[in-house]
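Taking it in order: structure first as structure tokens, then the write-up.
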Amino acid sequence: MELEVDENDLKAAGAELFADGGRKGVRIHGWMIESRRHSILNSSTIEEWEQKLQTSHLPEMVFGENALILKHFSSGTKIHFNAFDALRGWKQEALPPVEVPAAAKWKFRSKPSQQVILDYDYTFTTPYCGSDTIEIDKVLDGREISEETGNIHWEDCKEEIDLVALASKEPILFYDEVVLYEDELADNGVSLLTVKVRVMPSSWFLLLRFWLRVDGVLIRLRDTRMHCIFGESTNPVILREICWRESTFQALSAVMDEVSAIVVSGLALPSYLYL
């Protein structure tokens, strides 16, 4: 469902929405925040990606032209999210394959007679937390071009994203969710990489999430959150938080058994028992 934005809110924030084909976004306080959504890769492009990534395995649905782009014009700061860079991270991390029950391995066959050897990370788990660069716009021969001059410098800090402040009733000027890739693991679960963005009059906030469920075996979650408060500074300050969590179904079952025992005994449920 499309977000309905009040024109008065846009005007008060000095923001401007735009849309063109498969791309849409907002310009606000020197930022251009744009999402692009298209169809999945065709067979010829899949072959190109396999060659570049040196693999014969890709997720069932790769949205290769989907992207989220955030660009700050005066500083040249550009943060973007795309499937190719995420899969490059998967290939480089090269986790060992998650063991599935022997009775479920046959689902991975493309032909009835095929022998299944899961010798790669078929979950497509990625350490990817976004792509970034410093990109300056220049005019060359009457044409505007973008030239990369370096990368964003990230520093460790103690400051945290104020999630309570983000929950305040501030109007949302732009929102979108972009799927980068998805795989149903031959009906053994789901592997999904998405990025969501929300733009308010005071700031923008995004969540990149890799979500994995291997039925009966494992749940894995890798989140990257970014938040930027609009200001007058030439160089914006962006807070980034990265959180990785995972648990086996067996461990979760033990926790749920403990929770059931607590409920039966009439004790209060501890607030930390959640994924």
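The shown structure was predicted, so the numbers you read here are calculated from the model rather than taken from an experiment. Below, each value reflects all heavy atoms present in this structure, side chains not excepted, and no hydrogens, waters or symmetry copies.
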Do you see a donor-acceptor pair shorter than 3.5 Å between the side chains of [X] and [Y]?
X	Y	result
Arg220	Thr125	yes
Ser35	Asp176	yes
Asp223	Trp244	no
Ser202	Glu170	yes
Ser131	Asp85	yes

Do you know the tightest heavy-atom contact between [X] and [Y]?
X	Y	answer
Asp132	Asn151	O-OD1, 3.4 Å
Arg240	Thr224	CG-CG2, 4.0 Å
Cys129	Leu208	CA-CD2, 3.7 Å
Ile229	Ser203	CA-CB, 3.8 Å
Pro171	Pro201	O-CD, 3.1 Å
Phe230	His29	CD1-CD2, 3.4 Å

Is any side-chain heavy atom of [Y] closer than 4.5 Å to one of [X]?
X	Y	result
Leu53	Phe84	yes
Val195	Leu207	no
Ile219	Trp211	yes
Phe63	Tyr181	no
Phe18	Arg23	yes
Val62	Leu87	yes
Arg37	Lys24	yes
Lys78	Leu70	no

| field | Option passing salt bridge (Lys or Arg N to Asp or Glu O under 4.0 Å) with Arg222 (candidates Glu241, Glu246, Glu93) | value |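 When salt bridge (Lys or Arg N to Asp or Glu O under 4.0 Å) is applied between Arg222 and each of Glu241, Glu246, Glu93, only Glu93 qualifies.
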
Roughly how far, to the nearest 0.5 Å, is [atom2] of [Y] from [atom1] of [X]?
X	Y	atom1	atom2	value
Leu221	Leu212	CG	CG	10.0 Å
Phe249	Arg213	CZ	CZ	6.5 Å
His57	Asp119	NE2	CG	6.0 Å
Lys91	Thr126	NZ	OG1	13.0 Å
Asp162	His227	CG	NE2	8.0 Å
Asn42	Glu47	CG	CD	9.5 Å

Are [X] and [Y] linked, directly or through other ILVMFWY residues, by side chains that come within less than 4.5 angstrom of each other?
X	Y	result
Phe174	Trp31	yes
Leu239	Val197	no
Val5	Ile172	yes
Leu166	Leu68	no
Ile33	Ile152	yes

| Between Lys52 and Glu50, is the closest basic N to carboxylate O distance under 4.0 Å? | no

| query | When you check the gap from the basic side-chain N to the acidic O, do Lys71 and Glu135 get nearer than 4.0 Å? | reply |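 Result for this pair is yes, salt bridge flagged.
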
| task | Would you please test Asn66 and Arg36 for side-chain contact (heavy atoms from CB on, under 4.5 Å) and show each step? | result | CA-CA 5 Å; Asn66 282 12; Arg36 299 177 183 177; 5.8 Å; no

| query | side-chain contact (heavy atoms from CB on, under 4.5 Å) between Phe205 and Arg225: does it pass, once the steps are laid out? | reply | CA-CA 7 Å; Phe205 173 74; Arg225 291 177 172 84; 4.0 Å; yes

| message | Quick one, Glu184 with Glu60, criterion side-chain contact (heavy atoms from CB on, under 4.5 Å). Give me CA distance, side-chain angles, the key distance, then yes/no. | response | CA-CA 8 Å; Glu184 294 183 352; Glu60 291 172 333; 3.7 Å; yes

| Test item: Tyr122 side-chain N/O and Val98 main-chain N/O as donor-acceptor pair under 3.5 Å | yes

| said: Would Arg198 and Lys196 count as a side-chain contact (heavy atoms from CB on, under 4.5 Å) here? Give the steps. | reply: CA-CA 7 Å; Arg198 175 160 52 108; Lys196 302 177 184 180; over 6 Å; no

